[in-house]
Enquirer: 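Input: one structure, supplied below.
Hydrogens, waters and symmetry mates play no part in the numbers below; they use all other heavy atoms, side chains included. Letters go in sequence order (proteins before strands), and every chain restarts at 1.
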Amino acid sequence: MPVLARTIEALGIPTVTVTMMPDLAARYRLSRIVGVEFPFGHSFGSPHNDALMDTVARAACHALEDAQAPGFRLDVDAEWPVPLEIAYKTWHPKQASPIVAQMLKARGATEG
Amino acid sequence: MVVDSYKFLPRSMKVMYESTTVDELEPAWAPLPKPLHRCTVALMTSAGIYLKGQPPFDEEREKREPTWGDPTYRVIPTDVRQEDIACSHLHINHDDLLEDVDVVLPIRAFKRLEAARVIGALAPEHYSFMGYQERKLVDWTTVQGPELAARLKERGVDVLLLAPS
């Protein structure tokens with residue numbers, strides 16, 4: 001998605017990207033980056049947690065208002081409310097994605 | 001706090017991402033055309049959501065060609081109802097977004113920001129992509145990206161918020 005942000009920004013629409021991977025967004029030199037330390041598939045938080053969604057949304061607005069040059073980054077100071085050992089597993093799909101399944105199969109073949 | 005970009009990923013993925021070469025890029029930058037409290041804001045997610053009745057993202061081709069991802073997008077109206085949301089994305093668990101789509105497309109939060117006059121208005125429509133794409137991303141840079149930028153301009157959208165999943 002960094003490529004899409006860059007393409008749209010280059011065509012004159014200012015963007016702000018709320019991302020679980022702000023380091024990667026910075027490498028793509030996006031204009032305004034808001035980092036969240038949340039599991040994938042949850043860029044604005046957990047279901048019905050409107051207070052957390054507001055926190056992230058306001059951070060995005062701050063980035064839009066405060067950034068004066070590309071590369072602006074603001075990390076949201078919010079801990080994910082589920083223990084890491086659980087959250088680490090539960091964002092994954094119930095079945096491995098095709099590319100992951102292919103990689104696992106290749107690894108299995110290599111390892112015999 | 002400094003966000004750990006790899007907290008929820010296996011260590012092997014961190015190594016892979018950090019060793020991936022990104023071309024030398026000029027920074028992307030478009031200034032806000034007016035103060036935020038007068039701007040119209042649209043939202044974009046890459047969670048692969050779509051409206052029941054719209055075509056889903058093409059999972060079957062991805063299953064046949066695991067390095068390919070459907071580059072198209074779907075339009076999601078601001079007044080969407082939760083029960084109208086479906087999802088086709090083979091790389092994330094759908095349970096939470098099917099319970100509350102605002103975890104990936106924060107319409108309620110931005111309606112509150114509109115009411116509080118932090119933003120001028122929330123646009124009447126938003127956009128959903130399926131975020132798993134082949135690395136060259138030619139479709140997004142030459143087809144969907146320019147098409148979407150033109151659509152945003154036609155509709156008077158001043159700012160786009162992207163929320164990768």
Side-chain angles (χ1 to χ4, degrees), chain A residues 1 3-24 27-31 35-37 39-48 50 53-54 56-58 60-61 64-65 69-71 75-77 84 87-88 90-94 97-99 101-102, chain B residues 1-8 17 22 25-33 36 44-47 62-63 66-67 90-94 96-97 99-100 102-104 106 108-110 112-113 118-119 129 131-132 137 140-141 144-146 148-149 152-153 157-165:
Chain A
M1 205 166 217
V3 169
L4 207 44
R6 287 183 57 83
T7 301
I8 290 169
E9 184 115 13
L11 291 168
I13 305 282
T15 67
V16 57
T17 300
V18 175
T19 176
M20 286 73 80
M21 303 192 76
D23 291 2
L24 189 66
R27 289 177 68 192
Y28 277 91
R29 306 197 71 182
L30 299 192
S31 55
V36 289
E37 200 170 87
F40 294 90
H42 299 81
S43 41
F44 276 79
S46 47
H48 312 298
D50 283 41
M53 291 172 190
D54 285 349
V56 180
R58 283 193 175 267
C61 290
L64 287 162
E65 289 173 325
D75 284 0
V76 175
D77 190 6
L84 178 60
Y88 181 85
T90 52
W91 73 263
H92 291 278
K94 289 166 183 158
S97 66
I99 190 70
Q102 187 179 68
Chain B
M1 90 185 246
V2 177
V3 165
D4 176 356
S5 295
Y6 307 100
K7 183 168 183 174
F8 297 97
Y17 276 113
V22 175
L25 298 166
E26 290 296 314
W29 183 253
L32 261 62
L36 184 60
M44 179 195 292
T45 176
S46 64
E62 188 185 333
K63 288 174 184 171
T67 59
L90 296 170
H91 301 258
I92 54 172
N93 185 302
H94 307 166
D96 283 352
L97 69 85
E99 180 181 336
D100 182 2
D102 285 52
V103 303
V104 294
R108 294 195 304 274
F110 276 85
R112 288 190 285 270
L113 290 169
V118 175
I119 64 169
F129 286 77
Y132 175 73
L137 297 160
W140 277 7
T141 55
Q144 286 85 14
L148 186 55
L152 293 167
K153 288 178 183 174
V157 171
D158 301 301
V159 172
L160 181 66
L161 180 146
L162 298 96
S165 279

Enquirer: Using non-hydrogen atoms and a 4.5 Å limit, figure out which bit of A:V76 sits close to chain B: side chain, backbone, both or neither.
Expert: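 For A:V76, backbone heavy atoms alone lie under 4.5 Å from chain B.
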Enquirer: Can you measure from CD1 (A:I13) to CG (B:L160) and round to the nearest 0.5 angstrom?
Expert: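 Going from CD1 on A:I13 over to CG on B:L160, the span is 7.5 Å.
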Enquirer: Can any side-chain N or O of B:S5 pair as donor or acceptor with the backbone N or O of A:D23 at less than 3.5 Å?
Expert: yes
Enquirer: Between atom CG of B:D100 and atom CZ of A:F44, what is the distance when rounded to the nearest 0.5 Å?
Expert: 12.5 Å
Enquirer: Working to the nearest 0.5 Å, report the span between CD1 of A:I99 and CG of B:L90.
Expert: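 Atom-to-atom, A:I99:CD1 and B:L90:CG are 11.5 Å apart.
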Enquirer: Do A:T90 and B:N93 have side chains that get closer than 4.5 Å, going by heavy atoms?
Expert: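 Answer no - side chains too far apart.
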Enquirer: Under 4.5 Å between any side-chain heavy atoms of A:S43 and B:P106, yes or no?
Expert: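 Contact flag for A:S43/B:P106 side chains = no.
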Enquirer: Sort B:A47 into side chain, backbone, both or neither according to what part of it lies under 4.5 angstrom from a heavy atom of chain A.
Expert: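 For B:A47, neither part sits under 4.5 Å from chain A.
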Enquirer: Determine whether B:K7 and A:Y88 make a side-chain contact, defined as any pair of heavy atoms from C-beta on separated by less than 4.5 Å.
Expert: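 Heavy-atom side-chain distance check fails, nothing below 4.5 Å.
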Enquirer: Could you look at A:T7 and say if it's the side chain, the backbone, both or neither that has a heavy atom under 4.5 Å from chain B?
Expert: side chain
Enquirer: Given a strict heavy-atom distance threshold of 4.5 Å, which part of B:L25 is in contact with chain A: side chain, backbone, both, or neither?
Expert: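 Both backbone and side chain.
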Enquirer: If we define contacts as heavy-atom pairs under 4.5 Å, which of A:G45, A:P39, A:G71, A:S46 has the most with chain B?
Expert: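 Heavy-atom pair counts peak at A:P39.
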Enquirer: If I measure from the heavy atoms of chain B, does A:A60 come under 4.5 Å with its side chain, its backbone, both, or neither?
Expert: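 It is the side chain, since no backbone atom gets that close.
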Enquirer: Within the 4.5 Å heavy-atom criterion, are B:I119 and A:C61 side-chain neighbours or not?
Expert: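 Yes, at least one pair of side-chain atoms sits under 4.5 Å.
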Enquirer: Is it the side chain or the backbone of A:E9 that comes within 4.5 Å of chain B heavy atoms, both, or neither?
Expert: both
Enquirer: Please report the shortest heavy-atom distance between B:A30 and A:P14, naming the atom on each side.
Expert: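 So the two residues come closest at O-CB, 3.3 Å.
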Enquirer: To the nearest 0.5 Å, what is the distance between CG on A:L4 and OG1 on B:T141?
Expert: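 Rounded to the nearest 0.5 Å, the CG-OG1 separation comes out at 9.5 Å.
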Enquirer: How many angstroms lie between NE2 in A:H48 and CG in B:D96, if you round to the nearest 0.5 Å?
Expert: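 Result: 9.0 Å between the selected atoms.
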Enquirer: ring-ring contact (aromatic ring centres under 6.0 Å, His included) with B:W140: which residues, sequence neighbours excluded?
Expert: B:F129
Enquirer: Which atoms of B:L113 come close to chain A, meaning under 4.5 Å heavy atom to heavy atom: side chain ones, backbone ones, both, or neither?
Expert: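 Interface part for B:L113: side chain.
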Enquirer: Side chains of B:L97 and A:H42: closer than 4.5 Å at any heavy-atom pair?
Expert: no
Enquirer: Please test A:M21 against B:V3 for side-chain contact (heavy atoms from CB on, under 4.5 Å), starting from the C-alpha separation and ending with a verdict.
Expert: CA-CA 8 Å; A:M21 303 192 76; B:V3 165; over 6 Å; no
Enquirer: Suppose we screen for ring-ring contact (aromatic ring centres under 6.0 Å, His included). Which residues come up paired with A:F40, at least two apart in sequence or across chains?
Expert: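 A:W91.
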Enquirer: Ignoring hydrogens and angles, tell me if any N or O in the side chain of A:R6 forms a donor-acceptor pair with the backbone of B:E26 under 3.5 Å.
Expert: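 Yes; judged by distance alone, with no hydrogens or angles, the pair exists.
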Enquirer: Could you tell me which of A:A57, A:P22, A:P98 has the largest number of non-hydrogen atom pairs under 4.5 Å with chain B?
Expert: A:P98
Enquirer: Answer yes or no: is there a side-chain heavy-atom contact under 4.5 Å between B:M44 and A:T15?
Expert: no
Enquirer: Among B:S46, B:P164, B:G145, B:P33, single out the residue with the greatest number of heavy-atom pairs under 4.5 Å to chain A.
Expert: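 When all of B:S46, B:P164, B:G145, B:P33 are compared, B:P164 has the most.
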Enquirer: Return the minimal non-hydrogen interatomic distance between A:G41 and B:V103, and the atom names on each side.
Expert: O-CG2, 3.9 Å
Enquirer: Tell me, side chain or backbone of B:L36 under 4.5 Å from chain A's heavy atoms, or both, or neither?
Expert: side chain
Enquirer: Non-hydrogen atoms of chain A under 4.5 Å away: do they reach the side chain of B:P31, the backbone, both or neither?
Expert: backbone
Enquirer: Verify, without hydrogens or angle tests, whether A:E37 (side chain) and B:D4 (backbone) share a donor-acceptor contact under 3.5 angstrom.
Expert: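 Yes, the answer is positive, given that a donor and an acceptor are paired below the 3.5 Å cut-off.
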Enquirer: For chain B, find which of A:L30, A:L64, A:D50, A:V3 contributes the most heavy-atom pairs closer than 4.5 angstrom.
Expert: A:D50
Enquirer: With a 4.5 angstrom heavy-atom cut-off, is it the side chain or the backbone of A:A101 that approaches chain B, or both, or neither?
Expert: neither
Enquirer: Take atom CZ of A:R58 as the centre, draw a 6.0 Å sphere, and report whether it contains more than 12 heavy atoms from other residues, nucleotides or ligands.
Expert: no
